[in-house]
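What follows is a set of notes on a single structure, which appears directly below.
The structure displayed is predicted, hence computed values, not measured ones. In what follows, chains are A, B, ... by sequence order, proteins preceding strands, each numbered from 1.
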Number of protein chains: 2
Amino acid sequence: MDVKTVCLGMLTDGPASGYDLKKEFESSFGHFFAAGYGSIYPALSWLADNGLVSCEEIAQDGKPDRKLYRINEAGRQFLLEALKNTQPCHKVRSEFLATMCFAHLMEGEDIQAVLDHRLSEISRYRELFRNIEQEGMCDWTEGAKFVLGFGKTVAAAMETYIKENRHTLATESTAKSATG
Amino acid sequence: MDVKTVCLGMLTDGPASGYDLKKEFESSFGHFFAAGYGSIYPALSWLADNGLVSCEEIAQDGKPDRKLYRINEAGRQFLLEALKNTQPCHKVRSEFLATMCFAHLMEGEDIQAVLDHRLSEISRYRELFRNIEQEGMCDWTEGAKFVLGFGKTVAAAMETYIKENRHTLATESTAKSATG
DNA sequence: CGCAACATGTAAGCGGTTACATGATTAC
DNA sequence: GTAATCATGTAACCGCTTACATGTTGCG
């Protein structure tokens with residue numbers, strides 16, 4: 001499932017512009033699926049070119065025309081087809097863990113700085129989760145609740161693990177033997 | 001940190017061939033950093049071209065020459081420099097969670113199949129972790145232990161969450177209203 | 001007889017990131 | 001005045017994936 005398909009899925013919630021979708025990628029999808037304008041706008045163009053969405057241009061004074069995309073029946077079929085893949089992947093690419101693998105080559109201060117940074121990133125996610133929840137969960141689908149809960153659970157587990165085990169990663173490292 | 005740098009880091013453990021490194025990417029690094037031959041061999045060539053590793057060709061009968069790469073002082077400096085980045089990222093890209101966001105458009109059976117598949121993937125990781133541990137952890141660095149523990153903790157948290165919450169994702173969906 | 005393991009590499013392609021390009025409005 | 005928000009897009013680039021290409025040894 002690529003950015004195109006996710007955009008299509010988001011449009012089942014109602015018509016939206018590329019700008020709107022970007023905000024959704026940053027909020028509810030922020031913890032597991034990143035996409036910038038450079039992916040979103042071409043994706044929407046492609047969906048329109050392939051007749052999966054319609055586009056309504058709304059003139060605005062000062063600002064560029066707002067383009068409201070709306071999913072159509074062909075788009076809904078395409079999405080449903082994509083959702084039939086029962087083996088969707090869940091990929092992690094962690095430069096953080098890679099760095100920790102080589103902690104014995106680093107200086108103690110740097111290791112702790114890396115861990116602090118990771119904890120702060122996790123905090124940002126947890127704050128994001130709180131913001132999302134505050135904006136009302138009454139009309140949420142079970143799927144959306146499941147995904148949010150998943151993010152919260154995993155973030156909490158990571159935070160606890162780092163806090164409980166950071167002390168094992170030395171204050172004084174073997175960096176000297178590596179440099180000299 | 002890219003594949004090049006991770007290869008360089010792996011070589012601090014001792015000389016190795018591209019084939020050897022691939023196995024390490026599959027085992028200890030399997031849960032957070034994927035790389036195939038198509039990335040590894042060009043990475044090693046690049047490292048050799050840039051004087052960060054030396055290469056010893058070992059003739060073998062029948063098989064192609066085995067190329068043993070060895071990190072040198074320039075390589076060690078390069079690695080140490082890369083490890084000074086105290087903001088290494090930890091990226092997740094989950095088609096699984098994206099799919100679950102649209103669970104209300106899916107049929108109940110398919111949703112459960114997706115969850116079953118995810119659980120089986122998690123099981124595979126946990127089995128991998130067990131295999132790694134059985135091959136002796138006595139000479140492991142604290143960093144390696146930390147990373148393995150991190151993987152185990154996160155995998156366990158995911159598994160528990162999915163098992164405890166899968167029942168919220170309906171048996172009978174609203175798929176009919178989406179198709180019709 | 002076939003498959004897994006050993007062993008190296010190239011080339012095309014794909015998907016996403018980053019930087020660039022533009023510009024009005026509103027809030028501090 | 002200056003930063004953020006609204007609003008859209010292109011083009012170059014980068015890094016990784018996938019498919020292709022080759023060939024032996026040894027096990028069941």
**Prompt:** Any side-chain hydrogen bond (donor to acceptor under 3.5 Å, both in side chains) pairs touching residues 88-98 of chain B, not counting sequence neighbours?
**Reply:** A:His90-B:Ser94, A:Ser94-B:His90
**Prompt:** Can you check whether B:Thr5's main-chain N or O pairs, donor with acceptor, with B:Asp2's side chain at less than 3.5 Å?
**Reply:** yes
**Asked** Relative to the 5' end of DNA chain C, which residue comes earlier, B:Lys91 or B:Ser17, by the nucleotide with the nearest heavy atom?
**Response** B:Ser17
**Message:** Rounding to 10°, can you tell me the angle the first-five-pair axis of the helix from C:dC1-D:dG28 to C:dC28-D:dG1 makes with its last-five-pair axis?
**Reply:** 50°
**Request:** To the nearest Å, give me how far apart OH (B:Tyr37) and P (D:dT22) are.
**Result:** 19 Å
**Asked** Atom CG in B:Leu44, atom CE in B:Met10: separation rounded to 0.5 Å?
**Response** 10.5 Å
**A:Thr160 side chain vs A:Ala157 backbone, donor-acceptor pair below 3.5 Å** = no
**A:Ala35 vs B:Tyr69, nearer the 5' end of DNA chain C by closest nucleotide** = B:Tyr69
**Item:** Any donor-acceptor pair under 3.5 Å from B:Asn72 side chain to B:Gly51 backbone
**Value:** yes
**Item:** Listed partners of A:Asp116 passing side-chain hydrogen bond (donor to acceptor under 3.5 Å, both in side chains), at least two apart
**Value:** A:Arg166
**Request:** Just say parallel, tilted or perpendicular for the rings of A:Tyr161 and B:Phe150, cut-offs at 30° and 60°.
**Result:** perpendicular
**Message:** I need the CG-C1' distance between B:Asp65 and D:dG23, as an integer number of Å.
**Reply:** 13 Å
**Request:** Identify, residue by residue, the members of residues 18-31 of chain A with a heavy atom below 4.0 Å from DNA chain D, and return them in order of residue number, or none.
**Result:** A:Gly18, A:Tyr19
Hey, what are the protein-to-nucleotides 14-16 of chain D N/O distances that come in under 3.5 Å?
residue	atom	partner	partner atom	Å
D:dC16	OP1	A:Arg93	NH2	3.0

**Prompt:** Parallel, tilted or perpendicular: which fits the ring planes of A:Phe96 and B:Phe146, with parallel below 30° and perpendicular above 60°?
**Reply:** perpendicular
**Asked** Please walk me through it: do A:His31 and A:Phe129 pass ring pair (Phe, Tyr, Trp, His ring centres under 6.0 Å)?
**Response** CA-CA 9 Å; A:His31 59 107; A:Phe129 296 146; 4.9 Å; yes
**Request:** For DNA chain D, find the residues of residues 46-57 of chain B with a heavy-atom distance under 4.0 Å and give them by number; none if there aren't any.
**Result:** none
**Message:** Quick check: do B:Leu97 and B:Cys101 have side-chain heavy atoms less than 4.5 Å from each other?
**Reply:** no
**Asked** Which nucleotide in the set D:dT8, C:dG9, C:dT10 lies at the smallest distance from any side-chain heavy atom of A:Arg66?
**Response** D:dT8
**Item:** Side-chain heavy atoms of A:Trp46 within contact of A:Leu52, under 4.5 Å
**Value:** yes
**Request:** Group every Ile, Leu, Val, Met, Phe, Trp and Tyr by side-chain heavy-atom contacts under 4.5 Å, then state whether A:Trp140 and A:Phe25 land in the same group.
**Result:** no
**Asked** Are side-chain N/O atoms of B:Glu73 and B:Gln77 paired as donor and acceptor at under 3.5 Å?
**Response** yes
**Request:** Would you name the heavy atoms of A:Leu169 and A:Ala103 that are closest together and state the gap between them?
**Result:** CD2-CB, 4.4 Å
**Protein-nucleotide distance (A:Ile40, atom CD1; D:dT10, atom P), rounded to Å** = 14 Å
**Short side-chain N/O contact from A:Ser45 to OP1 or OP2 of D:dG9, under 4.0 Å** = no
**Separation of C:dA21 P from A:Tyr41 OH (nearest whole Å)** = 18 Å
**Prompt:** What is the distance from CD of B:Glu95 to C1' of C:dG15, rounded to the nearest Å?
**Reply:** 12 Å
